[in-house]
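Hydrogens, waters and symmetry mates play no part in the numbers below; they use all other heavy atoms, side chains included. Bear in mind that the values here come from a model prediction, so they are computed numbers and not experimental data.
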Amino acid sequence: YGSYGSHGTIQIFENTRVHTSGFERAGWGWSQPPGATTLILPLDVLEADDSFYGRRVPQSAPFAGAAHLDNEIGLFAFQLDPDPKKKHAEALSVRKSVLAVDGKLVCLGSALSSKADYPLVTTLFQCGLRGGHDAVRRGENWIIDPYGTGYSVAPGFVINEHIGPQESRHNKTKELTLGAFALAWIDHGAGAQDATYEYMAVLEADDAAMAERAAQPFYS
């Protein structure tokens, strides 16, 4: 079910080997890896292909790359387009970039399009709730995940959230799995055309910092 692992995911880890970034196999929502822009697909549809390498939607990806400046500023960009020679109902068009600077990740998406009947979303975070990591705090246009990373959306965008039980399947055995998760995302809708997103991930955030951030111009 891990086909969307290559759709511009963002996983934020503390500088320690024991930090899991909230990943928990039991109950994990395979359609919503953090940072990715994806369709919310039923697991039977997400699996689909019986080949060894799993589900393969025909796509053209002419550009993906990353660079840094003196290990202080980082940039990642990703482009995805449907394969013009092979039509597929669940193929996506996306443009995504992430700029890492001053303890923040500036995340931008444009030309987000889909002809599918399933919702197209960009997931901010998906975190398993365990071991004291179970608090989610939010304001009018920001939210802090259970691991202390804050997410602030630009004006005009809405943060959707789910906190509680989640059902899934094991990625190898297909057995039913259950877990408890905190999940936040931006919903672009079914059949989205030229949708966009703008959000900022703030490392080691607290309520005061996020409220101050929200009171300033978004890119200040």
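- A tilted orientation is assigned to the rings of F125 and Y151, their planes being inclined by 30° to 60°.
- Both F23 and L124 sit in one connected hydrophobic cluster of ILVMFWY residues. Membership requires side-chain heavy atoms under 4.5 Å apart, directly or through other members.
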Inset, instruction - Under the side-chain contact (heavy atoms from CB on, under 4.5 Å) rule, what do V94 and H7 come out as? Steps first, then yes or no, please. - result: CA-CA 9 Å; V94 304; H7 278 57; 6.0 Å; no
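- Considering Q11, H162, E24, Q166 as possible partners of Q126, the one that fulfils the side-chain hydrogen bond (donor to acceptor under 3.5 Å, both in side chains) test is Q166.
- Residues L112 and W185 do not share a hydrophobic cluster, defined by chaining ILVMFWY side chains whose heavy atoms lie under 4.5 Å apart.
- At least one donor-acceptor pair closer than 3.5 Å links the side chain of T177 to the backbone N or O of G27.
- Y197 and Y199 have tilted rings, their planes meeting at an angle from 30° to 60° on a 0 to 90° scale.
- Atom CG in N141 sits 11.5 Å away from atom CD1 in I143 (nearest 0.5 Å).
- No chain of hydrophobic side-chain contacts below 4.5 Å, direct or via other Ile, Leu, Val, Met, Phe, Trp or Tyr residues, connects V202 to F157.
- Hydrophobic clustering (ILVMFWY, side-chain heavy atoms < 4.5 Å, transitive): V121 and M200 are in distinct clusters.
- Summarising the geometry, atom OG belonging to S114 is positioned 5.5 Å from atom CG belonging to L92; distances are rounded to the nearest 0.5 Å.
- Across all their heavy atoms, G150 and A205 have their closest contact at N-CB, 3.6 Å.
- One finds the CD1 atom of I186 at 11.0 Å from the CG atom of L120 (value rounded to the nearest 0.5 Å).
- One side chain, W30 or S168, offers a donor N or O that lies under 3.5 Å from an acceptor on the other.
- Distance alone, capped at 3.5 Å, places no donor-acceptor pair between the D134 side chain and the L129 backbone.
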Legend entry - Pair R169-D44, salt bridge (charged side-chain N to carboxylate O under 4.0 Å, His left out): steps then yes or no: CA-CA 10 Å; R169 294 185 201 159; D44 290 340; 2.9 Å; yes
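- Among residues at least two apart or in separate chains, there is no ring pair (Phe, Tyr, Trp, His ring centres under 6.0 Å) pair with a member in residues 201-220.
- For K115, the NZ atom sits in a loose shell: 12 or fewer heavy atoms of surrounding residues, nucleotides or ligands are nearer than 6.0 Å.
- A distance of 5.5 Å separates OG in S31 from CD1 in I40, rounded to the nearest 0.5 Å.
- Between the CD atom in E198 and the SG atom in C107 there is a gap of 11.0 Å [rounded to 0.5 Å].
- A distance of 6.0 Å separates CD of Q32 from OG1 of T38, quoted to the nearest 0.5 Å.
- Heavy atoms only, all atoms of each residue included: P33 and W28 are closest at CA-CZ2, 4.3 Å.
- Counting all heavy atoms, side chain and backbone alike, P146 lies closest to A182 at CG-CB, 3.9 Å.
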Inset, instruction - For the pair D83 and H88, evaluate side-chain contact (heavy atoms from CB on, under 4.5 Å) and give the outcome as yes or no after the intermediate values. - result: CA-CA 8 Å; D83 187 332; H88 196 289; over 6 Å; no
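- The salt bridge (Lys or Arg N to Asp or Glu O under 4.0 Å) pairs that include a residue from residues 137-152 are R137-D207, R138-E161, where partners are two or more places apart or lie in different chains.
- Remark: T196 pairs with no residue by the side chain to side chain donor-acceptor pair (under 3.5 Å) rule, at least two apart or across chains.
- Residues Y118 and P42 are in side-chain contact: their nearest non-hydrogen atoms beyond the backbone lie under 4.5 Å apart.
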Inset, instruction - Show your working on side-chain contact (heavy atoms from CB on, under 4.5 Å) between I73 and L99 and close with a plain yes or no. - result: CA-CA 7 Å; I73 300 174; L99 174 67; 3.8 Å; yes
Inset, instruction - Under the side-chain contact (heavy atoms from CB on, under 4.5 Å) rule, what do T9 and Y4 come out as? Steps first, then yes or no, please. - result: CA-CA 8 Å; T9 58; Y4 282 141; over 6 Å; no
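- In terms of modelled atom types and a separation under 3.5 Å, the side chain of K96 and the main chain of G35 share a donor-acceptor contact.
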Inset, instruction - Verify salt bridge (charged side-chain N to carboxylate O under 4.0 Å, His left out) between D194 and R95, making sure each step is shown before the conclusion. - result: CA-CA 10 Å; D194 292 322; R95 305 288 186 274; over 6 Å; no
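- The hydrophobic clustering, which links ILVMFWY residues whose side-chain heavy atoms are closer than 4.5 Å, places I12 and V106 apart.
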